[in-house]
Amino acid sequence: MGENLSKIMSDIKKGVAEMIDEERIENLVKNYYEKGENFYVKAGFDPTAPDLHLGHTVVLQKMALLQKHGAIVQFLIGDFTGQIGDPSGKSQTRKKLDRETVVANAKTYEEQVFKILDPQKTKLMFNSKWLNELGAAGIVELTSTFAVARMLERDDFEKRYKSGASISISEFLYPLLQGYDSVAMKCDIEMGGTDQKFNLLMGRTLQRVYNVGKEQAVIMMPLLEGLDGVNKMSKSLGNYIGVTDEPNDMFAKVLSVSDELMWRWYELLSEKSTEEIANLKADVASGKAHPKAVKEALALEITARYNGEAAAKEAKAEFDRVHSQNLIPTEMDEFELSAPVWIVQALTHCGLCASSSQARRDIAANAVSLNQEKIADEQLKLGAGEYVLQVGKRKFAKLKVT
């Protein structure tokens, strides 16, 4: 299967930031096709937030691809370690989550991952199962496997130590416990973001120390840039697309990214092969294809993945109807206020502007329409009647003034 194996490995390596022990990964795939032997791929998620966004799916989609070539995914919900908090990239100690929050968030993750992963080839696991059993003696033994000096070599710990910022002992335990997960799960490959490298390598180290009989390979995926094209996708920055977003919102948000960012998203989010993406790039460069059409194809693919093909096509039709033909959406949020209503108050009440100052700025920027007519007077008062408010190209609301 030489040529076929080469193609599979090319697909696996697509978008990967770093791969440690590529030869082992290739042998695992080869053994699956030649001997029917499955292999185990681990990725851990701390249930610190209840919603997945497209940034999280970069790793999940790579695991879904591996499932097609023999992988049994061990989707690890860190219900034990989530109560400590992963210190990766953090400049201060994270707050401990209470058990109720951890369990509730874990349940939501469990419901969402099967939008991407094959449930028949996925094992949902919770690390409290073995970490609770480890006990005090086991944890003391675990801490003896790694030196404090080596722990302080970790970039975020080193910076915090030099600046005099607090580092709790529990944070030293986190990478050790994540590494011990790999011992307990006997995984063949562990996946994570590039910010997880220290923790991922810890799994290799501890599998060796505990004589597991294997040493996991590591696949690191890059962090996905959000809608702004600059910062990594994050709910706190508001530059994200959630996997549970409504089809119309999801489609429109994907179309809003820059042409440059579109190629990055193709690489990390599309199921198209490297060769297919290269052909699309060539078509755009030669003028054979328009960037907007290529972006629409990506928006359709992503929207269909999480909402179904029919909903994705409807979202495209609605987008075309509203934006290409300058019409209003068929469905809008509806609000009611008593007359007279100041236009600035109307915009904030309907959630179209975050604040009064933002509403004034949008009006000054000629971005606000009332019944599809641009308005420039920020002192405008609305009398009784029904109005369609619009800010920019995508924000609409219906307001009834009584």
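We count residues from 1, following the sequence as given. Predicted model only: the values in this text are computed from it and were never measured.
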* To do: Please name the pair of heavy atoms, one in Asp79 and one in Ser128, separated by the smallest distance, quoted to 0.1 Å.
  => OD2-OG, 2.5 Å

* State whether the side chain of Glu301 and the backbone N or O of Thr303 hold a donor-acceptor pair below 3.5 Å, judged by distance alone. => no

* Rounded to the nearest 0.5 Å, how far apart are CZ of Arg360 and SG of Cys353? -> 11.0 Å

* Gln74 side chain to Met185 backbone, donor-acceptor under 3.5 Å -> yes

* Closest heavy-atom contact between Leu117 and Ala64? -> CD2-N, 3.8 Å

* Asked: Between the main-chain N or O of Cys187 and the side-chain N or O of Gln207, is there a donor-acceptor pair closer than 3.5 Å?
  -> yes

* Asked: Would one find more than 12 heavy atoms of other residues, nucleotides or ligands at under 6.0 Å from atom NZ of Lys123?
  -> no

* May I ask you to decide if the ring planes of Tyr109 and Phe45 are parallel, tilted or perpendicular, using 30° and 60° as cut-offs? => tilted

* Asked: Is Glu296 salt-bridged to Lys292, going by a charged N under 4.0 Å from an acidic O?
  -> yes

* Within a reach of under 6.0 Å around NZ of Lys398, are more than 12 heavy atoms found that belong to other residues, nucleotides or ligands? -> no

* To do: Using the test ring-ring contact (aromatic ring centres under 6.0 Å, His included), find all partners of Tyr210 that sit at least two apart in sequence or belong to another chain.
  => Tyr180

* Asked: Which heavy atom in Gly229 sits nearest to a heavy atom in Leu261, and how many Å separate them?
  -> CA-CD2, 3.8 Å

* **Under 3.5 Å donor-acceptor, Asp188 side chain and Gln216 backbone** => no

* Asked: Would Glu336 and Lys400 pass as an ion pair if we require N to O under 4.0 Å?
  -> no

* To do: State which residues pass side-chain hydrogen bond (donor to acceptor under 3.5 Å, both in side chains) with Asn31; sequence neighbours excluded, sorted by chain then number.
  => none

* Roughly how far apart are Lys381 NZ and Ile343 CD1, rounded to 0.5 Å? -> 10.5 Å

* Asked: Does any non-hydrogen side-chain atom of Thr108 lie less than 4.5 Å from one of Leu52?
  -> no

* Asp228 side chain vs Asn231 backbone, donor-acceptor pair below 3.5 Å -> yes

* **Distance in Å, Met191 CE paired with Ile219 CD1, rounded so as to fall on 0.5 Å steps** => 5.0 Å

* **Where Leu347 and Ala359 come nearest, the two heavy atoms and their spacing** => CD1-CB, 3.9 Å

* To do: Supply the atom-to-atom distance Gln120 CD to Thr122 OG1, rounded to the nearest 0.5 angstrom.
  => 9.0 Å

* Using the test ring-ring contact (aromatic ring centres under 6.0 Å, His included), find all partners of Trp342 that sit at least two apart in sequence or belong to another chain. => none

* Kindly indicate, with the supporting measurements, whether the criterion side-chain contact (heavy atoms from CB on, under 4.5 Å) is fulfilled by Val368 and Leu389. => CA-CA 7 Å; Val368 177; Leu389 296 170; 5.6 Å; no

* **Where Phe335 and Ala397 come nearest, the two heavy atoms and their spacing** => CE1-CB, 3.9 Å

* Parallel, tilted or perpendicular: ring planes of His69 versus Tyr33, cut at 30 and 60 degrees -> tilted

* To do: Taking atom types as modelled, find out whether Gln178 and Glu190 have a side-chain donor-acceptor pair closer than 3.5 angstrom.
  => yes

Report, one line per pair, each donor and acceptor closer than 3.5 Å where one atom sits in a side chain of residues 241-253; sequence neighbours left out.
| residue | atom | partner | partner atom | Å |
| --- | --- | --- | --- | --- |
| Asp245 | OD2 | Gly242 | N | 3.1 |
| Asp245 | OD2 | Lys253 | NZ | 3.2 |

* Within a strict 4.5 Å, meaning less than it, do heavy atoms of the Glu318 and Glu331 side chains meet? -> no

* Within a radius of less than 6.0 Å around NZ of Lys159, do more than 12 heavy atoms belonging to other residues, nucleotides or ligands occur? -> no

* Heavy-atom distance under 4.5 Å between the side chains of Leu352 and Asp362, does that happen here? -> no

* Which residues satisfy the side chain to side chain contact (heavy atoms under 4.5 Å, CB included) test with Glu260, sequence neighbours excluded? -> Ser258

* Asked: Can any side-chain N or O of Glu276 pair as donor or acceptor with the backbone N or O of Ser273 at less than 3.5 Å?
  -> yes

* Given the rule in the side-chain contact (heavy atoms from CB on, under 4.5 Å) test, do Lys281 and Tyr266 qualify, once you have shown the distances and angles that lead to the verdict? -> CA-CA 10 Å; Lys281 276 188 176 182; Tyr266 255 112; over 6 Å; no

* To do: Side-chain contact test, heavy atoms from C-beta onward, threshold under 4.5 Å: evaluate it for Phe39 versus Arg24 and give yes or no.
  => no

* Asked: Does a side-chain heavy-atom distance below 4.5 Å link Ile189 with Val218?
  -> no

* Structure fact -> From the list Glu271, His56, Arg305, side chain to side chain donor-acceptor pair (under 3.5 Å) partner of Gln61 resolves to Arg305

* To do: Flag yes if more than 12 heavy atoms outside Glu111 fall under 6.0 Å of its CD atom; otherwise flag no.
  => yes

* Approximate separation, where rounding is to 0.5 Å, of Lys129 NZ and Leu134 CG -> 14.5 Å

* Determine whether Leu60 and Val73 make a side-chain contact, defined as any pair of heavy atoms from C-beta on separated by less than 4.5 Å. => no

* Asked: Any side-chain heavy-atom pair from Tyr40 and Lys186 closer than 4.5 angstrom?
  -> no

* Structure fact -> Across all chains, not counting sequence neighbours, the ring-ring contact (aromatic ring centres under 6.0 Å, His included) partners of Tyr306 are none

* Asked: Just by modelled atom types, is the Glu267 backbone N or O under 3.5 Å from a matching donor or acceptor in the Ser270 side chain?
  -> no

* State whether a side-chain donor-acceptor pair under 3.5 Å links Ser10 with Glu275. => no

* Exam field: side chain Thr145 to backbone Glu141, donor-acceptor pair closer than 3.5 Å -> no

* To do: Would you confirm whether Trp265, through its side chain, and Glu225, through its main-chain N or O, come within 3.5 Å as a donor-acceptor pair?
  => yes

* Asked: Run the side-chain contact (heavy atoms from CB on, under 4.5 Å) check on Glu26 and Glu23 step by step: do they pass?
  -> CA-CA 5 Å; Glu26 190 169 318; Glu23 185 180 352; 5.7 Å; no

* Would you check, one step at a time, whether the test side-chain contact (heavy atoms from CB on, under 4.5 Å) holds for Leu131 with Asp181? => CA-CA 8 Å; Leu131 292 179; Asp181 289 341; 3.8 Å; yes

* Structure fact -> When rounded to the nearest 0.5 Å, the distance separating CE of Met63 from OG1 of Thr57 is 10.5 Å

* Any side-chain heavy-atom pair from Ile12 and Val29 closer than 4.5 angstrom? -> yes

* To do: Determine whether more than 12 heavy atoms belonging to other residues, nucleotides or ligands lie under 6.0 Å from atom NZ of Lys313.
  => no

* To do: May I ask you to decide if Lys14's main-chain N or O and Lys62's side chain share a donor-acceptor pair within less than 3.5 Å?
  => yes

* Structure fact -> Closest non-hydrogen atoms of Leu382 and Leu380, given as atom of the first, atom of the second and distance, are CD2-CD2, 4.0 Å

